[in-house]
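Letters A, B, ... mirror the listed sequences (proteins, then strands); counts begin at 1.
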Amino acid sequence: MTVVTRFAPSPTGYLHIGGARTALFNWLFARHHGGKYVLRVEDTDKKRSTQDAIDKIFEGLSWLGLEHDGDVVFQSQNAGRHAEVAAQLLAEGKAYHCYCSPEELAEMREKAKEGGSTRVYDNRWRDRDPSEAPAGIEPVLRIKMPLDGETTISDLVQGDVTRTNDTLDDFVILRSDGTPTYMLAVVVDDHDMGATHVIRGDDHLNNAFRQYHLYQACGWDIPEFAHIPLIHGADGAKMSKRHGALGVDHYADLGILPETMRNYLLRLGWSHGDDEIISTEQAIEWFDLGSVGRSPARFDMDRLLNLNAHYLKEADPAQLSGIIMALADETSDKSLSTHAQTRLIAGLSGLVQRAKTVNEVVDSASLYLFDAPLPFNDKARSMLAEPETRNHLSELAQILGTITLWDESQLDTAVREYADRNELKLGQVAQPLRAALTGSNVSPGIFEVMVVLGHDETLKRLELASS
RNA sequence: GUCCCCAUCGUCUAGAGGCCUAGGACACCACCCUUUCAAGGUGGCGACACGGGUUCGAAUCCCGUUGGGGACGCCA
């Protein structure tokens, strides 16, 4: 049997962190087993589904690198099939029309709450003769649930979970306008697409019991269920779009790499011994549902950032520099230096070592991407305020101008000698130098900067700063 | 309220009855390195929610308590 998993987001907003992880787990599970991972858009609620949301979700998934197999399924297009199954259930006496008004339902809900019951609907139309139907009211179709006994779901993550059937009421499978509800649609679609494993958020565990009986009513095999714990916010409450969770696009905008997100999300709720840095290839090889934890995890930005710093260092320099230049070009009103690319590639490792996000690299890279004159921050400016320091810089420029072999050790030696001769500590020379060359009090090693900048640009910046 | 689930450092977790004096990672603190900031290195702080069992032995199994979370729609 080949494994078929599916990710089934409802297009009512962006792809949030929890959804992204659900998608990742489905994708990993399918890849691990050499199976199929399909994407299905649950747009049965036309009122709340938007094209914009659909686009955002696709974008998020493709940013994450979770490519699906086959065509995307739009659930709304299967409405006919859903209705057909519903009609069959009605014909077999497994479902029935219910003519309750919203008011009646509200009353029942009230009563259920008072009486301490989980079962809301009181089955008032379950055995009533259709001839008693009030005129002019379009009924909904409800499924008959068992009245006694109990149901056990053998969940691949949560283990055996049992619920007595008297807590399950007859739920609606077809609305009064004839459209299918989510509960019917998922079951029919999962069955039709041959889903073998339904991996989704823990908030669906309760639904699994209802769906279980719907599968049975249809006479279909029940897929394996795996309900993974939800991701909580820092406050410990469910992280959903309604509760201010951010979309993956937000993290992309922040300068988080997709490989970081995959690794981070993977480790949230799943583990493989003490391993922390896990490549996607390893993840595919190792992933299993048995190692998914049963308790919810909190989202931790520090951890994400730390991982991102790691992946930033491992990123391909050519690719990363391309991204950085594009971003810098986009956000700056100055135009990039003709030497931008060569300098950036030469200086990238020094930059990346000091950054946690792509955006931080973009900021720090400006000293290489643009030619002098450069903007100075306050600390750099005050460092260069003393005429004496400017004199030192000017003398230093003279000395550096005579250096023929422009490498770190030559520059290092020359600057140290100058400091010694003037009875200055290296820092007293290096800091003003940094200010002059970078416009900042913080930068990569100053000799590295000089080498990356090259002889001409270095001297040009020194002149500008010392005059 | 009812039903369901969960419970190891602040956070993510390792842990399948003796390997546990409870391990790793992030964060935090200190020191080292050092031209700044980082990175890196070394060390430190820090947890089995509580109470009962079961057992020669329990973080691990059972029960209860407490705490947290989720679900209770003609939403998905």
Side-chain angles (χ1 to χ4, degrees), chain A residues 8-12 42-45 47-49 75 98 100 102 105-106 109 112-120 138-142 153 155 158-159 161-164 166-169 171-177 179-183 185-186 201-209 227 229-230 232 234 236-238 264 267-277 293-307 309 313 349-356 364 379 383 412 415-416 419 425-435 438 440-447:
Chain A
S10 58
T12 53
E42 311 243 306
D43 56 350
T44 44
D45 185 355
K47 278 162 275 176
R48 302 202 311 147
S49 304
Q75 193 157 60
C98 163
C100 286
L105 256 11
R109 233 181 307 267
K113 209 157 201 177
E114 275 171 26
S117 166
T118 299
R119 188 179 207 144
V120 173
E138 287 301 325
V140 297
L141 197 66
R142 287 183 186 270
I153 301 270
D155 193 274
Q158 306 291 344
V161 183
T162 302
R163 224 176 131 160
T164 55
D166 59 15
T167 60
L168 269 16
D169 57 11
F171 57 92
V172 175
I173 58 176
L174 227 47
R175 302 187 183 105
S176 52
D177 64 1
T179 59
T181 60
Y182 159 79
M183 216 61 87
V186 240
D202 205 10
D203 48 347
H204 284 290
L205 183 57
N206 288 295
N207 291 335
F209 288 93
H227 289 94
L230 302 175
H232 287 178
K238 179 185 178 181
Y264 177 74
R267 279 289 289 105
L268 215 52
W270 179 87
S271 59
H272 184 267
D274 282 339
D275 294 306
E276 299 290 348
I277 304 291
R294 276 147 302 163
S295 54
R298 293 185 191 206
F299 184 81
D300 181 5
M301 194 64 190
D302 281 334
R303 178 67 95 105
L304 217 215
L305 253 14
N306 175 274
L307 259 186
K313 284 173 203 143
S349 68
L351 257 26
V352 138
Q353 203 171 73
R354 278 155 250 267
K356 289 188 188 301
S364 64
K379 285 188 177 159
M383 227 176 267
D412 189 313
V415 172
R416 274 177 210 276
K425 284 189 193 164
L426 182 57
Q428 290 175 284
V429 183
Q431 277 302 88
L433 214 42
R434 182 184 323 280
T438 71
S440 165
N441 54 314
V442 174
S443 84
I446 197 61
F447 303 118

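Taking only side-chain nitrogens and oxygens, Arg119(A) never comes nearer than 4.0 Å to OP1 or OP2 of C72(B). At least one side-chain nitrogen or oxygen of Ser271(A) sits closer than 4.0 Å to the OP1 or OP2 atom of A14(B). OP1 or OP2 of A76(B) sits under 4.0 Å from a side-chain N or O of Thr44(A).
Checked by atom type and distance alone, the side chain of Arg267(A) pairs as donor or acceptor with a backbone atom of Asp275(A) at under 3.5 Å. A donor-acceptor distance shorter than 3.5 angstrom exists from the side chain of Arg119(A) to the backbone of Asp166(A), with no hydrogens or angles considered. With hydrogens and angles disregarded, a donor-acceptor distance shorter than 3.5 Å links the side chain of Arg175(A) to the backbone of Pro180(A). Between the side chain of Glu42(A) and the backbone N or O of Tyr182(A), no donor-acceptor pair lies under 3.5 Å. A donor-acceptor pair is defined here as one N or O able to donate and one able to accept, closer than 3.5 Å; no such pair exists between the side chain of Tyr264(A) and the backbone of Phe299(A). A donor-acceptor distance shorter than 3.5 angstrom exists from the side chain of Ser440(A) to the backbone of Val442(A), with no hydrogens or angles considered.
Across C61(B) and A38(B), the matching C1' atoms stand 49 Å from one another, rounded to whole Å. With P as the reference atom, C56(B) and G44(B) are 38 Å apart, rounded to whole Å. G15(B) and U21(B) are spaced 16 Å apart, taking the C1' atom of each and rounding to whole Å. Rounded to whole Å, the separation between the C1' atoms of C4(B) and G41(B) comes to 49 Å. Using P as the reference atom, U60(B) and C3(B) are 27 Å apart when rounded to the nearest Å. Rounded to a whole angstrom, the distance from the C1' atom of C9(B) to that of G46(B) is 5 Å. Separation of the P atoms belonging to A47(B) and U11(B) is 12 Å when rounded to the nearest angstrom. Spacing of P atoms, C6(B) relative to U13(B), comes out at 15 Å, to the nearest Å.
Checked by distance alone, Thr181(A) brings no side-chain donor or acceptor within 3.5 Å of a matching partner on the base of C74(B). In terms of polar N and O atoms assigned as donor or acceptor, the side chain of Arg303(A) never comes within less than 3.5 Å of the base of U11(B) in a complementary pairing.
In this structure, Arg267(A) places its CZ atom 15 Å from P of U11(B), rounding to the nearest Å. Taking atom CZ of residue Phe171(A) and atom C1' of nucleotide C72(B), one finds them 14 Å apart after rounding to whole Å. In this structure, the CE atom of Met383(A) is 10 Å from the P atom of C37(B), given to the nearest Å. C72(B) atom P lies 8 Å from atom CE of Met183(A), rounded to whole Å. One interatomic measurement links the two molecules: OH of Tyr264(A) to C1' of U11(B), which rounds to 8 Å at whole-angstrom precision. Residue Lys379(A) contributes atom NZ, which lies 14 Å from atom P of U36(B) at whole-angstrom precision. Taking atom CG of Asn306(A) as the reference point, atom C1' of U13(B) lies 15 Å away to the nearest angstrom. Taking atom CG of Asp45(A) as the reference point, atom P of C74(B) lies 12 Å away to the nearest angstrom.
In this structure, U2(B) and A71(B) make a Watson-Crick or G-U wobble pair, each of the two defining distances being under 3.5 angstrom. With a 3.5 Å ceiling on both atom-pair distances, G17(B) lacks any Watson-Crick or G-U wobble partner. Across all strands shown, U11(B) pairs with A25(B); the Watson-Crick or G-U wobble distances both stay below 3.5 Å. Across all strands shown, C37(B) remains unpaired; no Watson-Crick or G-U wobble contact has both distances below 3.5 Å. Across all strands shown, U54(B) has no partner, as no Watson-Crick or G-U wobble contact with both distances under 3.5 Å is found. Shown here, A49(B) forms a base pair with U65(B); the pair counts as Watson-Crick or G-U wobble because both key distances fall under 3.5 Å.
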Anything under 3.5 Å between a protein N or O and an N or O of nucleotides 4-9 of chain B, put it in a table, one pair a line.
unit_1	atom_1	unit_2	atom_2	d
C5(B)	O2'	Gln158(A)	OE1	3.4

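Comparing G70(B), U35(B), A76(B) by their nearest atom to the side chain of Gln431(A) picks out U35(B). Comparing G1(B), U35(B), C26(B) by their nearest atom to the side chain of Arg416(A) picks out U35(B). Side-chain proximity of Thr167(A) to U13(B), G24(B), C3(B): nearest is C3(B). Closest approach to the Thr118(A) side chain among C3(B), A38(B), A27(B) is made by C3(B) (side chain taken as heavy atoms from C-beta onward). Picking from A27(B), C75(B), C74(B) the nucleotide with the shortest atom distance to the side chain of Arg48(A) gives C75(B).
Between Asp45(A) and Thr181(A), the closest side-chain pair of non-hydrogen atoms is not below 4.5 Å. When side chains are defined from C-beta on, Arg163(A) counts as touching Asn206(A), because their heavy atoms get closer than 4.5 Å. Within the 4.5 Å cutoff, the side chain of Thr44(A) has no heavy atoms near those of the Thr179(A) side chain.
Each of Asp274(A) and Asp302(A) was assigned the nucleotide of RNA chain B with the nearest heavy atom; the assignment lying further toward the 5' end belongs to Asp274(A). Between Leu174(A) and Ala355(A), the one whose closest nucleotide on RNA chain B sits nearer the 5' end is Ala355(A).
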Quick one: side chains of residues 425-434 of chain A, donor-acceptor pairs under 3.5 Å with protein atoms, not counting sequence neighbours, listed by atom name and distance.
unit_1	atom_1	unit_2	atom_2	d
Gln428(A)	OE1	Lys425(A)	N	2.7
Gln431(A)	OE1	Arg434(A)	NE	2.8
Gln431(A)	OE1	Arg434(A)	NH2	3.3
Arg434(A)	NH1	Ser443(A)	OG	2.8
Arg434(A)	NH1	Pro444(A)	O	3.0

